[in-house]
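These values consider heavy atoms only, across backbone and side chains, with no hydrogens, waters or symmetry-generated copies.
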Amino acid sequence: VTIRGGGKGGRNQEFALAAGIALAEAGGLRDRVSVLALGTDGTDGPTDAAGALVLPDTIPPGRLPEARAALDGNDAYTFFSKTGTLLKTGPTRTNVMDVAALLITN
């Protein structure tokens with residue numbers, strides 16, 4: 001993550017947002033792919049979220065400008081708060097790794 005803005009989020013939320021933007025720009029593929037990114041310790045950066053989930057309808061074409069602005073401002077937390085796709089597990093006390101998963105459906 002390159003910090004360019006003063007927003008809120010962590011590396012997993014930023015990864016999920018960047019992936020969601022790329023999928024939204026990919027047209028038809030957007031309807032078939034979901035992305036999950038989270039930290040196993042239950043926190044991502046200085047936030048209370050473990051990460052975020054991008055579903056096919058998380059970033060519709062009309063929200064692309066808002067998503068890009070959030071990414072540019074390092075404010076993925078606020079964006080995903082509005083979409084309801086932040087993952088909040090609470091502290092797990094198991095700092096093993098970050099997890100990223102991609103699900104492609106037919």
Side-chain angles (χ1 to χ4, degrees):
V1 173
T2 300
I3 298 175
R4 298 174 300 267
K8 186 176 181 182
R11 63 182 175 256
N12 290 295
Q13 295 163 58
E14 182 132 340
F15 171 83
L17 184 55
I21 290 169
L23 289 168
E25 293 173 338
L29 186 61
R30 174 182 72 87
D31 297 331
R32 299 180 40 227
V33 179
S34 297
V35 176
L36 165 79
L38 60 87
T40 60
D41 62 355
T43 59
D44 183 32
T47 73
D48 61 348
L53 176 64
V54 175
L55 301 169
D57 62 347
T58 301
I59 307 175
R63 290 195 83 175
L64 262 172
E66 179 186 357
R68 285 188 194 110
L71 186 62
D72 289 344
N74 300 107
D75 201 17
Y77 184 95
T78 301
F79 182 84
F80 287 123
S81 290
K82 292 177 186 176
T83 63
T85 54
L86 275 177
L87 300 173
K88 295 185 179 183
T89 62
T92 64
R93 295 173 179 66
T94 55
N95 190 11
V96 178
M97 68 182 115
D98 290 338
V99 174
L102 181 78
L103 174 67
I104 302 172
T105 60
N106 287 333

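Between the Asn12 side chain and the Asp44 main chain, no donor and acceptor come within less than 3.5 Å of each other. Distance alone, capped at 3.5 Å, is enough to place a donor-acceptor pair between the Thr40 side chain and the Met97 backbone. With Thr47 contributing its side chain and Ala49 its backbone, the two residues share a donor-acceptor pair below 3.5 Å.
Hydrophobic clustering (side-chain heavy atoms under 4.5 Å, transitive across Ile, Leu, Val, Met, Phe, Trp, Tyr) groups Leu64 together with Phe15. In the hydrophobic clustering of this structure, Val35 groups with Tyr77; members are Ile, Leu, Val, Met, Phe, Trp, Tyr whose side-chain heavy atoms approach within less than 4.5 Å, directly or through other members. Grouping the Ile, Leu, Val, Met, Phe, Trp and Tyr side chains by contacts below 4.5 angstrom, directly or via other members, places Leu23 with Leu86. Linking Ile, Leu, Val, Met, Phe, Trp and Tyr whenever their side-chain heavy atoms come within less than 4.5 Å leaves Val99 and Ile104 in two separate clusters.
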Report task. Would you check, one step at a time, whether the test side chain to side chain contact (heavy atoms under 4.5 Å, CB included) holds for Gln13 with Phe79? Result -> CA-CA 10 Å; Gln13 295 163 58; Phe79 182 84; over 6 Å; no
Report task. Decide side chain to side chain contact (heavy atoms under 4.5 Å, CB included) for Val1 and Asn74; before the verdict, give the C-alpha distance in whole Å, the side-chain angles of both, and the deciding distance to 0.1 Å. Result -> CA-CA 9 Å; Val1 173; Asn74 300 107; 3.8 Å; yes
Query raised in the report: For Thr58 and Phe80, what are the C-alpha separation, side-chain angles and deciding distance, and is it a side chain to side chain contact (heavy atoms under 4.5 Å, CB included)?
Result: CA-CA 9 Å; Thr58 301; Phe80 287 123; 4.2 Å; yes
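When each of Leu53, Leu55, Val54, Leu102 is checked for a side chain to side chain contact (heavy atoms under 4.5 Å, CB included) with Leu36, only Leu53 meets the rule.
When all heavy atoms of Gly42 and Thr92 are compared, the closest pair comes out as N-OG1, 3.9 Å. For the residue pair Gly9 and Pro46, the shortest heavy atom distance occurs at O-CD, 3.5 Å. Taking all atoms of both residues into account, the shortest heavy-atom contact from Ala70 to Leu17 is CB-CD2, 3.9 Å.
To the nearest 0.5 angstrom, Thr105 atom OG1 is 6.5 Å from Arg32 atom CZ. Distance check: Asp41 CG to Asp98 CG gives 8.0 Å after rounding to the nearest 0.5 Å. If you take CD on Glu66 and CG on Leu71, they are separated by 12.5 Å, rounding to the nearest 0.5 Å.
Atom CZ of Arg4 is surrounded by more than 12 heavy atoms from other residues, nucleotides or ligands within 6.0 Å. Applying the 6.0 Å contact sphere to CZ of Arg68 captures more than 12 heavy atoms from other residues, nucleotides or ligands.
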